[in-house]
Structures are given as structure tokens and as C-alpha cells.
Amino acid sequence: MSKTNIPPHLNDRIVIQTQDFSLSEEVNLLEENNNEDGAVVTFCGRVRNNNLGLDVKGLTLEHYPGMTEKSLQKIILTARKKWELGRITVIHRVGKLFIGEQIVFVGVTSKHRGNAFAANEFIMDFLKVKAPFWKKELTSEGEKWLDAKSSDTNKAQEW
Amino acid sequence: MIKVSFFAALREQLNCNETQLNVSESITVEQARVLLVESHPEWQQHLKNNSLLTAVNHDLVDDNFIVKPNDELAFFPPVTGG
């Protein structure tokens, strides 16, 4: 099997980073000099203060460098085959994150809203079950790796 | 030689980020798992876990997939990002 990655689409932006990101800057990048697309759909996921009845103080995100990017690229490529899309941005943070911090951003543009709404949800659903990230929560009862949820697997299978 | 990486909870259970299998021929993922347990018997209970995922050269694969020398093999728990 080849180790060559799929060449990224010119309008794809995939970023894995420890630092925070700015929603307004990301929206600007999706819109700047883009006069073909009337729809911009963005999703931002944040760290909650609760999970499964426990108080959450924060979490640590681990990932598999190299595979993460390749996996996101494949998800985006699949979305581009299903819908006519403009620009796509996926940002995922790794490392230590605290309550209320931004974890993940997905932004999609398209001519009309339908494609951008659908593709945004599709990318998030597959990121949840295919991209190699793992969350370890710091709760009032200590540190614990999160278990994958069957509801996430079921949601991705609906596409 | 096949490079083998472990991630997240599995990495902590094995207390190992990375190891290697000194093989000169292609083997299946299942055979790689058997060789790892032969050299580290204490890993058996963790590597036998049916929910573990496997990647070869950064693509998800199943247990029958053929791994070649110089490939990159990885084992990890189901993913929980997003």
C-alpha cells in the first residue's frame, strides 16, 4: 500500500493544532474573494462541564499524527463527491483543553444552503467515528479515557 | 521490519508508544498481533480486545489485511474526537 497522501483540494484547509482558533478569522477565510458561494455553514464544538453525570474539569486530546490529516482528507473527498461544495475548513485542537474552550471547527461553503448544511453534518459525523482522536477527561473522580458512543456510529451509518 | 504504534488507553495499558516487528516477509494483521503477544505475553489481554482498531500506513484495515516490511502498523481504541 502506498504511503502517498491524497493531494488536497485547493479549497481544503485541514489544521491540527494545540492553540485556539478565531471563528471570525475562519469565516473570513471561507468568504474572502469567494463570490460564487451564497451559503457559509459553520460548526464549532466546545468542552462541556459535564458528561455522563460527572463534573468535567477539562480534557486531554491525543491524536495519531499523519493518519489524522489523511483521514480528514478522505472524509472531505467523500463529501465533495456527494455534493457540489466550495471551500471546506476542518480544524481540530489537541493537547490540554479546559471548560468552554473550542475543540473543533467545520466550515463549508456552497452556492445554496442545502449542500453546505448537509456536508457540514456529514463531515462532523465521520470525523467522530473515523478520525484518530481520543479524549481523556479530567473529572471530579480522576482521569478517564472516554468510551466511543454507539449513537455516533449509528449516526454516521445513516448517510 | 514493521513499525508498530499504540495510542490512547491502549498505549497506557501496554506502557508502550512504539515497537517493531523484525520480519522480512509480509504477514497479516492477525499474525502481527500473535507475534507481539509472543514477545510480550503480558500484552495478550489488551491486544485480544475485539473493539481495537487497526491502521496500516494511516488507513483503517481489518485483521486479514497484509502488512509488508517497512509498513507502519498501529493499534488503538475506537476514536472519540470531535
Side-chain angles (χ1 to χ4, degrees), chain A residues 1-6 16 43-48 51 59-75 90-94 97 102-106 121 123-137 143-150 152-153 155-156, chain B residues 1-21 23-32 36 43 45-47 49-82:
Chain A
M1 175 152 291
S2 148
K3 288 188 181 177
T4 320
N5 287 341
I6 312 150
I16 312 298
F43 170 82
C44 180
R46 300 164 68 231
V47 184
R48 280 197 309 279
N51 192 30
L59 47 85
T60 307
L61 261 149
E62 179 171 327
H63 77 124
Y64 181 178
M67 179 171 175
T68 314
E69 294 81 355
K70 187 174 182 182
S71 148
L72 294 172
Q73 192 61 62
K74 285 201 290 192
I75 295 168
V90 177
I91 304 175
H92 205 298
R93 292 177 66 193
V94 292
L97 297 173
Q102 303 181 136
I103 306 173
V104 59
F105 174 86
V106 175
E121 191 170 19
I123 291 168
M124 264 316 294
D125 286 354
F126 279 86
L127 181 154
K128 280 273 188 185
V129 296
K130 295 287 185 195
F133 294 102
W134 300 273
K135 287 189 187 120
K136 191 183 202 181
E137 281 184 343
E143 281 196 305
K144 184 186 176 303
W145 289 102
L146 282 193
D147 289 324
K149 289 187 286 189
S150 54
D152 286 332
T153 311
K155 183 127 191 330
Chain B
M1 198 267 284
I2 295 169
K3 179 183 158 189
V4 189
S5 304
F6 307 105
F7 291 93
L10 181 66
R11 173 177 56 74
E12 291 187 351
Q13 287 158 355
L14 305 183
N15 193 25
C16 178
N17 299 328
E18 197 179 304
T19 185
Q20 58 189 52
L21 285 169
V23 293
S24 50
E25 290 177 3
S26 296
I27 54 173
T28 65
V29 165
E30 185 51 38
Q31 286 168 330
L36 287 167
W43 288 1
Q45 55 165 324
H46 304 299
L47 287 178
N49 183 344
N50 284 333
S51 68
L52 284 187
L53 301 178
T54 310
V56 173
N57 299 335
H58 298 162
D59 288 312
L60 289 171
V61 298
D62 62 28
D63 279 354
N64 300 319
F65 193 87
I66 304 290
V67 195
K68 301 188 299 295
N70 299 319
D71 277 351
E72 183 177 331
L73 174 64
F75 294 98
F76 44 80
V79 303
T80 55

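First the proteins, then the strands, lettered A, B, ... as listed; each starts at 1. Any value given below was found using the heavy atoms of this structure, including those in side chains, with hydrogens, waters and symmetry copies removed.
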Which distance, rounded to the nearest 0.5 Å, do you find between the OG of A:Ser71 and the CG of B:Asp59? 9.0 Å
With a 4.5 angstrom heavy-atom cut-off, which part of A:Ile103 approaches chain B: side chain, backbone, both or neither? side chain
Chain B contact via A:Lys136 - which portion, at a heavy-atom distance below 4.5 Å: side chain
Centroid-to-centroid, B:Phe7 to A:His63, below 6.0 Å? no
Residues A:Met67 and B:Ala55: closest non-hydrogen pair is SD-CB, 3.5 Å
Taking B:Val79's backbone N and O only, do any of them form a donor-acceptor pair with A:Lys128's side chain (distance below 3.5 Å, no angle check)? no
Under 4.5 Å from any heavy atom of chain B, what part of A:Asp152 do you find: side chain, backbone, both or neither? neither
Rounded to the nearest 0.5 Å, how far does OG1 of B:Thr80 lie from CD of A:Glu62? 9.5 Å
OH of A:Tyr64 to NE2 of B:His58: how many Å apart, nearest 0.5 Å? 4.0 Å
A:Lys135 side chain to B:Gly82 main-chain N or O, any donor-acceptor pair under 3.5 Å? yes
Flag if over 12 foreign heavy atoms under 6.0 Å of CG, B:Asn15: no
Check: A:Trp134 side chain, B:Gly81 main-chain N or O, donor-acceptor pair, under 3.5 Å: no
